[in-house]
K.L.:
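Could you have a look at this structure, given as structure tokens, before my questions?
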Amino acid sequence: LQEGELERLRAQFPVLAQRIHDAPLAYLDNAATTQVPQSVLAAMNGFEQHDRANIHRGVHTLSQRATDAYERARAGVKRFVGADASHELVFTSGTTEALNMVAQGLSVSGEAPAVIRPGDEIIVSGLEHHANLVPWQQAARRSGATLRIVMPDVQGSVHIDDLKRLLSPRTRVFALTACSNATGYRPPYEDLLALAADAGALTVLDAAQAVGHSALQLGTLACDFMAFSAHKMYGPMGMGALVGRRATLERLVPLRFGGDMVDWVTLEGAGFTGLPARLEGGTPHVAGTVGMAAAATFITAVGHDRLEQHLGALREHAAKGLQRIDGIRVLSPDAESSAIVSFVASDVHPHDIGTLLDEDGIAVRTGHHCAQPLLDHLGVGPTTRASFAVYNTHDEVERLLAGVSRALKVFR
Ligand code: PMP
């Protein structure tokens, strides 16, 4: 991104124009949540101010407009992730709900027996956010299946051969993240998913940390289910999606039974409607879907290639600079086209580093990043994590490096 263009982009994010502890805000906590541009705010406000009504049942004009807005948003987000006619998209409250929808939907019985049965195996990687681990622990417990973990090596990388060894005719599901939120490492998920699919497993991709900058083309992935959140792609919080093959989404027992997902109801029972409504019981966050689609439009306008290039350059700048500081270990230092840099400093707790950086107006995240098993495996414990978005600058990276050096001097 050119200098002038970056400034123009940055000006679209009102939250960034403030000072924190008398310093300009350097917001480097984008893996937790990104900020929202004016176009997304305007789209959501426009809906709330002109078109707000409940969807799908109304004959009145506002209800029809709201239904149109909702279904247009669905079409927009589907296009954004390369879904084709064989795919469907279900709106959720985020990645967590989407992953629970899959793990629970495959492990409880509905009109048909549960897809995951006693003696089956579920494989997840050792990189996963708790949201792509705990639901599978629960699914295994519920169904009498066994949970197996394909562990990364001591550097935090996952290898094809290790997955090969675990796959068997008993493997029912393989679930994997497209990018570790704790280290920034990106596993070769295209190959890993293809291998698992060839072995007959249903495949699940947690795209939460990829959707904000990588062009995800569902049609080219061996992926039955993909989950992501709007708030990590410049959209609203409490909004997300589960997208996948129609045929496999149809096998999920709904997580939420209630209005809008039934064909008929008697006092004794109910018949359920088809996708996507079948998995969207209750009134959805319609403004959220409108905002999510506007966020997808924003990313498309910037361009995935330029976005990845910009974030990769910021990450490399930060990783190299941090490695030059005495006693700092950067996790997955060579992670390609990642927007996350995570590190530990000998003798200084991440919480102290984060607190001092905040005094300089720099927002980073510290702790286990909801990926405690991975950090335990790497032998590092809590880390400090800086993560980048379209509006971040190399000047902010320099401030981060100076701030970390200052923190180490203070606390050592
Ligand atoms: N998976 C990954 C890799 C994540 O980084 C996150 C959010 N930190 C989640 C899942 C959960 O997303 P959400 O909280 O939006 O449901």
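Note that ligands are numbered from 1 as they come in the structure, with each ligand's atoms numbered from 1 the same way. Everything numeric here is computed off the predicted structure, so don't read it as measured data.
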K.L.:
Not counting sequence neighbours, which residues clear ring-ring contact (aromatic ring centres under 6.0 Å, His included) with Phe257? List them please.
P.N.:
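Applying ring-ring contact (aromatic ring centres under 6.0 Å, His included) to Phe257 gives Phe272.
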
K.L.:
Within the protein, flag every N or O under 3.5 Å from an N or O of ligand 1, and note the pair and distance.
P.N.:
| unit_1 | atom_1 | unit_2 | atom_2 | d |
| --- | --- | --- | --- | --- |
| ligand 1 | 1 (N) | Asp206 | OD1 | 3.3 |
| ligand 1 | 1 (N) | Asp206 | OD2 | 2.5 |
| ligand 1 | 5 (O) | Gln209 | NE2 | 2.8 |
| ligand 1 | 8 (N) | His129 | NE2 | 3.3 |
| ligand 1 | 8 (N) | Lys232 | NZ | 2.8 |
| ligand 1 | 15 (O) | Ser229 | OG | 2.7 |
| ligand 1 | 15 (O) | His231 | NE2 | 2.7 |
| ligand 1 | 16 (O) | Thr95 | N | 3.4 |
| ligand 1 | 16 (O) | Thr96 | N | 2.8 |
| ligand 1 | 16 (O) | Thr96 | OG1 | 2.6 |

K.L.:
Could you check whether the rings of His317 and His394 sit parallel, tilted or perpendicular, using 30° and 60° as the cut-offs?
P.N.:
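Plane angle under 30°, so parallel.
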
K.L.:
Per the ring-ring contact (aromatic ring centres under 6.0 Å, His included) rule, what does the pair list look like for residues 11-39, sequence neighbours excluded?
P.N.:
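Listed once each, the pairs are Phe13-Tyr234, Phe13-Phe298, Phe13-Tyr391.
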
K.L.:
Under a 4.5 Å cut-off applied to non-hydrogen side-chain atoms, are Glu190 and Leu221 in contact?
P.N.:
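Sidechains of Leu221 and Glu190: in contact.
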
K.L.:
Please list all pairs passing the salt bridge (Lys or Arg N to Asp or Glu O under 4.0 Å) test where one or both residues lie in residues 350-361, with sequence neighbours left out.
P.N.:
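Sorted result for residues 350-361: Glu359-Arg406, Asp360-Arg406.
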
K.L.:
Give a yes or no on whether a salt bridge exists between Arg278 and Glu88, defined as a side-chain N under 4.0 angstrom from a carboxylate O.
P.N.:
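Salt bridge: no.
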
